[in-house]
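Single-structure report; data block below.
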Amino acid sequence: MSQLTSFLLVLSLCAFAPLCFSSKTKGGYLYPQFYDHSCPKAQEIVRSVLAKAVAKEARMAASILRLHFHDCFVQGCDASLLLDSSGSIVSEKGSNPNRNSARGFDVLDEIKSALEKECPCTVSCADLLAIAARESTVLRGGPSWEVLLGRRDSRSASLSGSNNNIPAPNNTFQTILTKFKRQGLNIVDLVALSGSHTIGNSRCTSFRQRLYNQSGNGQPDYTLDQSYAAQLKTRCPKSGGDQNLFFLDYVSPTKFDNYYYKNILASKGLLNSDQVLLTKNEGSGELVKQYAENSQLFFEQFAKSMVKMGNISPLTGSRGEIRKNCRKINS
């Protein structure tokens, strides 16, 4: 078969993908065996490409996990975050929560390319990201879970949704909880999913106000351990150094464990949104203590909450499409 013929075959397969796959979702629900026949090696391919990327840079695991979270909180888990700006699409990558911080898109491109080679027009970018989030967690020593599959990709993005729906580091506890509840998630999900901050980094600009001007009165946040604050100030000055990176969990920054919660109990949660889990709500504070004491309990709840988050408003059946390239809609 000539290259042109095979290229045209791939195009025609993609054109009919909505028809081919519409009957596969059971009443619009997601299920783990979705690709068992159409692309049996899908999860293995995601795992293999991602493992190489994380071996090269441990931080990549946290970056991929964060992309899944930021995708699901805007229009549901539909890979809208992966779209670049083009035509009428204004990319979510330029929103306040994502600008200069969302990363890992090249790794997802590499995974998508490998999947397209194995099974053209079959595995959605939304599913690819959901699998990659699970694999990222496992690669850093965290729990595993069965990823429900069958999501399709959006043909639109929402910059305003990205700016408004994703919790910000300096939001109040109540605002953060409200943003979770809007997605059908509860206080248990909030505390468990915040535990993903056991890996990864944050920028100086995301917590500077805690060091110098927490409440607009020129005073620091006194719920932050002062010796830890002094250490942070050396690389996070009052002005400048916005992009300087700091570990979210300074004890075991590349290991998925429960030190995130232990740090919060020691008043060493890096972000305001981390520390308020203990200081601003009795229920969430109790969960922080439980997870700090019992890593198994944290792992079990994290897995459950990830499945729940991955189930936010997926496009199934004939809605959406299977993108050939995660950065742009099919023409």
Side-chain angles (χ1 to χ4, degrees), residues 1-25 28 30 34-35 37-39 41-43 45-46 49-50 53 64 67-68 70-95 98-99 102-133 149-163 165 310 312-331:
M1 189 188 290
S2 73
Q3 276 189 310
L4 177 63
T5 313
S6 59
F7 176 69
L8 290 172
L9 180 61
V10 165
L11 279 184
S12 64
L13 276 171
C14 291
F16 290 107
L19 299 174
C20 302
F21 290 94
S22 61
S23 61
K24 289 253 178 151
T25 46
L30 308 178
F34 191 82
Y35 298 110
H37 299 295
S38 59
C39 194
K41 288 185 180 169
Q43 301 200 43
I45 289 168
V46 176
V49 177
L50 190 62
I64 297 292
L67 289 182
H68 183 45
H70 283 207
D71 178 42
C72 289
F73 268 57
V74 184
Q75 299 187 165
C77 309
D78 61 358
S80 60
L81 170 55
L82 308 189
L83 290 169
D84 288 337
S85 292
S86 70
S88 62
I89 293 168
V90 181
S91 178
E92 293 168 20
K93 294 173 186 178
S95 71
N98 295 324
R99 194 172 53 247
R103 60 195 297 278
F105 300 106
D106 292 350
V107 174
L108 298 180
D109 289 342
E110 201 183 328
I111 296 171
K112 180 60 171 169
S113 172
L115 287 168
E116 285 299 304
K117 207 172 281 182
E118 177 73 17
C119 348
C121 310
T122 304
V123 181
S124 69
C125 300
D127 275 347
L128 177 169
L129 186 50
I131 298 166
L149 301 165
R151 300 167 193 78
R152 292 165 65 83
D153 301 323
S154 70
R155 291 182 56 83
S156 65
S158 175
L159 182 65
S160 62
S162 189
N163 277 321
N165 297 353
I312 298 172
S313 309
L315 297 171
T316 57
S318 58
R319 295 183 305 149
E321 64 181 15
I322 308 294
R323 278 183 224 145
K324 297 190 284 289
N325 176 338
C326 292
R327 292 175 182 265
K328 56 187 187 184
I329 60 172
N330 297 341
S331 49

Exercise. Side chains of Leu108 and Cys326: closer than 4.5 Å at any heavy-atom pair?
Worked result: no

For this session: Would you check if there is a donor-acceptor pair between the side chains of Gln75 and Ser313 at a distance under 3.5 Å?
Result: no

Seminar exercise, completed: Residues passing the side chain to side chain contact (heavy atoms under 4.5 Å, CB included) test with Ile329, sequence neighbours excluded, are Leu83, Ile89, Arg155, Glu321

Exercise. With sequence neighbours excluded, what pairs up with Arg319 under the side-chain hydrogen bond (donor to acceptor under 3.5 Å, both in side chains) test?
Worked result: none

For this session: Measure the CD1-CG distance between Ile322 and Leu315 for me, rounded to the nearest 0.5 Å.
Result: 10.0 Å

Problem set entry | For Lys328, side chain to side chain contact (heavy atoms under 4.5 Å, CB included) partners two or more places apart | Asn325

Seminar exercise, completed: With sequence neighbours left out, the residues meeting side-chain hydrogen bond (donor to acceptor under 3.5 Å, both in side chains) with Asp153 are none

Problem set entry | Side chains of Leu115 and Val49 in contact at under 4.5 Å (non-hydrogen atoms) | no

Problem set entry | Residue pairs, two or more places apart or on separate chains, that pass ring-ring contact (aromatic ring centres under 6.0 Å, His included) and touch residues 106-130 | none

Exercise. Where is the tightest heavy-atom contact between Ser80 and Glu92, given as atom of each residue plus distance?
Worked result: OG-OE2, 2.8 Å

For this session: Rounded to the nearest 0.5 Å, what's the gap from CG on Leu82 to OG on Ser154? Could you check?
Result: 8.5 Å

Problem set entry | Side-chain heavy-atom pair Lys112, Cys125 within 4.5 angstrom cut-off | yes

Exercise. Where is the tightest heavy-atom contact between Glu118 and Cys39, given as atom of each residue plus distance?
Worked result: CG-SG, 4.3 Å

For this session: Could I get the full list of side-chain hydrogen bond (donor to acceptor under 3.5 Å, both in side chains) partners for Asp109, not counting sequence neighbours?
Result: Arg327

Exercise. Can you find a heavy atom in the side chain of Leu30 that is under 4.5 Å from one in the side chain of Leu149?
Worked result: no

Exercise. Taking all atoms of both residues into account, what is the closest heavy-atom pair of Ser38 and Cys119, and its distance?
Worked result: O-CB, 3.8 Å

Seminar exercise, completed: For Ser91, the side chain to side chain contact (heavy atoms under 4.5 Å, CB included) test, sequence neighbours excluded, returns Ser85, Lys93

Exercise. Distance from Leu129 atom CG to His70 atom NE2, nearest 0.5 Å?
Worked result: 11.5 Å

Exercise. Are the side chains of Thr122 and Phe34 in touch, meaning some heavy atoms are under 4.5 Å apart?
Worked result: no

Exercise. Does Ser113 have any side chain to side chain contact (heavy atoms under 4.5 Å, CB included) partners at least two apart in sequence or in another chain, and if so, which?
Worked result: none

Exercise. Are Tyr35 and Ser124 side-chain neighbours, meaning at least one heavy-atom pair lies under 4.5 Å?
Worked result: yes

Exercise. Going by heavy atoms in the side chains, are Cys121 and Lys324 under 4.5 Å from each other?
Worked result: yes

Exercise. Is Arg323 reaching over with its side chain to a backbone N or O of Ala126, donor-acceptor style, under 3.5 angstrom?
Worked result: no

Problem set entry | From Ile131 atom CD1 to Leu50 atom CG, the distance as rounded to the nearest 0.5 Å | 11.0 Å

For this session: Please answer whether the main-chain N or O of Asp78 pairs with a side-chain N or O of Asp71 as donor and acceptor at a distance below 3.5 Å.
Result: yes

Problem set entry | With Ser95 via side-chain hydrogen bond (donor to acceptor under 3.5 Å, both in side chains) - residues at least two apart | Asn98, Ser162

Exercise. Between Ala133 and Ile64, what is the shortest heavy-atom contact and its length?
Worked result: N-CG2, 4.1 Å

Problem set entry | salt bridge (Lys or Arg N to Asp or Glu O under 4.0 Å) partners of residues 119-133, not counting sequence neighbours, each pair once | Asp127-Arg151

Exercise. How long is the gap from CZ on Phe105 to CG on Leu67, to the nearest 0.5 Å?
Worked result: 5.0 Å

